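Small disclaimer: the values here were computed from a predicted structure and weren't measured.
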Amino acid sequence: MLLTFMLAGMLATSSCSHDSFTPSDSSQTKTEGDVKIFVTSNNRAYDFYKHYQDFSNNDNMSPNTITLDPNTKFQTMDGFGAAITGSTCYNLLKMTQEDRTKFLTETFSDTEGMGMNYIRIAIGCSDFSLSEYTCWDDQNGSFALQNEEVNYIIPILKEILAINPSIKIIGSPWTSPKWMKVNNLTDLKPHDSWTDGQLNPAHYQNYGTYFVNWLQAFDQQGIKVSAITVQNEPLNRGNSASLYMTWQEQLAFVKSALGPKLRAAGLSTKIYAFDHNYNYDNIADQNDYPINIYNDPIAASYFAGSAYHNYGGNKEELLDIHQQRPDKEIIFTETSIGTWNDGQNLATRLTEDMQEVALGTVNNWSKAVIVWNLMLDSERGPNRAGGCQTCYGAVDINSKNYKNIVRNSHYYIVGHLSGVVKSGATRIGTSGYQVNGLVYSAFQNLDGSYALVASNNTNDAQKITVSDGTNHFSYEIPVKSVASYQWK
């Protein structure tokens, strides 16, 4: 369908459905074959261009051979995707139904699109919500889903699930209800603000009930949330909606309230710790945040693993956490592009983000890669005072016509993984050709097919040969490009 497209030259924008540009040698383009290939170049000459080629019948003599080793197994992959925020849903619902369906199909369909299969949503508001709220703002009232869930988030999720029913969803709160907050844990004075504050231990049980009610409310809508994090960016006091939560507090809350309440309700929802930066925001006593929680065996029993963002520190922290607790999972749940990192410039961002975020986290044991807003508008919104005013989405839609779309690096880096690496795949070993600037990772899917995702950040085209021990093929990855392969 629309993923057999190719955009011309330096084309930076497109309508919601790609125009059908073809390469100059289109007569040689194969529409079927042994190996499915997607390629994107940083000059948009190749724009998630889908084509095929056959295995080679010649003996493999190439010194540039990458050999897959399925006997060397690493982590099992959960999936790849983006956050569906209130802002994202607002923009999607401004599109015509026809255009929205085409875009969501391109993004989430496993047969006609990129096959993104992991979504992050907020539990209550986020810094990219249409307002500041939780689902239990009146202490004397009761829990209830609000306008943003009922009229924006849930309708879009239902459209996505109709396209790909196997989507995984993870929920994260930016703040507890304000009436559960205190200024600090010493004098326990009320904290009547969406920003900052800490969870009052006297409300641990109430807040645990809040999570249960939220999960059950979505389930009643036919939307199963498979995982949660306890708090988005728990060491960030300054977000427009935020709650400061040390590892000591998170341990106590989950051990005494959240974990037992989920189990008592019969919920198998995974709980992930932390959900913040590699460098723990340089707060010395918060280093190794999840490891400190795991050191309590009762608390550890409630946690599937930990989640990370990349706004500070180095991705090698993931490897350190894995080595300390290889029994616990690691997922990567947020990264953003914006004016601060030239976020709409695919020429600089494509291979760097592939190397640092997508393949970089996967090669350090992450089971999932989720980027921030799937869609913002051309004014970097809707956004609110106190939230990010300088962020771009994985895609940005023109706010004048809600039709023309700029597809940014984060859209491609996730799509190149989800296009060939399916949920349940195992990352496997590789050996052979290496060169600075060429980064890759190999996988075996549950159906037995192999996948390889490679990023060429060198100044030369890279002619590689890929061998699984039985079959092999050669392919030249263009300069500053990403290529994904799947074969059986």
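- For residues 60-72, the set of pairs meeting the side chain to side chain donor-acceptor pair (under 3.5 Å) definition, not counting sequence neighbours, comprises Asn60-Thr65, Ser62-Thr465, Asp69-Thr72.
- For the atom pair Leu235 CG and Asn282 CG, the distance stands at 10.5 Å (nearest 0.5 Å).
- Summarising the geometry, atom OH belonging to Tyr392 is positioned 11.5 Å from atom CZ belonging to Arg349; distances are rounded to the nearest 0.5 Å.
- Of the inter-residue distances, the one linking Ile405 atom CD1 with Asp99 atom CG reads 8.0 Å to the nearest 0.5 angstrom.
- Note that Arg427 lies outside the cation-pi zone of Phe443, set by a 6.0 Å cut-off to the ring centre and a 45° limit from the axis.
- Residues Arg407 and Glu106 are paired through a salt bridge, judged by an N-O separation under 4.0 Å between the basic side chain and the carboxylate.
- Ring centers of His410 and Tyr412: at least 6.0 Å apart, outside the cut-off.
- Pairs of residues two or more places apart, or lying in two chains, never qualify as disulfide bond (SG atoms under 2.5 Å apart) while including a residue from residues 395-473.
- Taking the six-membered ring for Trp and the full ring otherwise, Tyr49 and Phe38 have centroids separated by 6.0 Å or more.
- A donor and an acceptor atom, one from each side chain of Gln462 and Tyr433, are located under 3.5 Å apart.
- Residues meeting the side-chain contact (heavy atoms from CB on, under 4.5 Å) test with Ala307, sequence neighbours left out: Thr229, Tyr272, Asp275, Ile331, Thr333.
- Screening Tyr280, Phe303, Tyr294 against Phe274 for a ring-ring contact (aromatic ring centres under 6.0 Å, His included) leaves a single residue, Tyr280.
- Under a cut-off of 6.0 angstrom, the local environment of CG in Asp327 is crowded, with over 12 non-hydrogen atoms contributed by other residues, nucleotides or ligands.
- Within the 4.5 Å cutoff, the side chain of Met95 has no heavy atoms near those of the Asn401 side chain.
- Aromatic ring orientation, Phe473 versus Trp487: perpendicular (interplanar angle above 60°, classes split at 30° and 60°).
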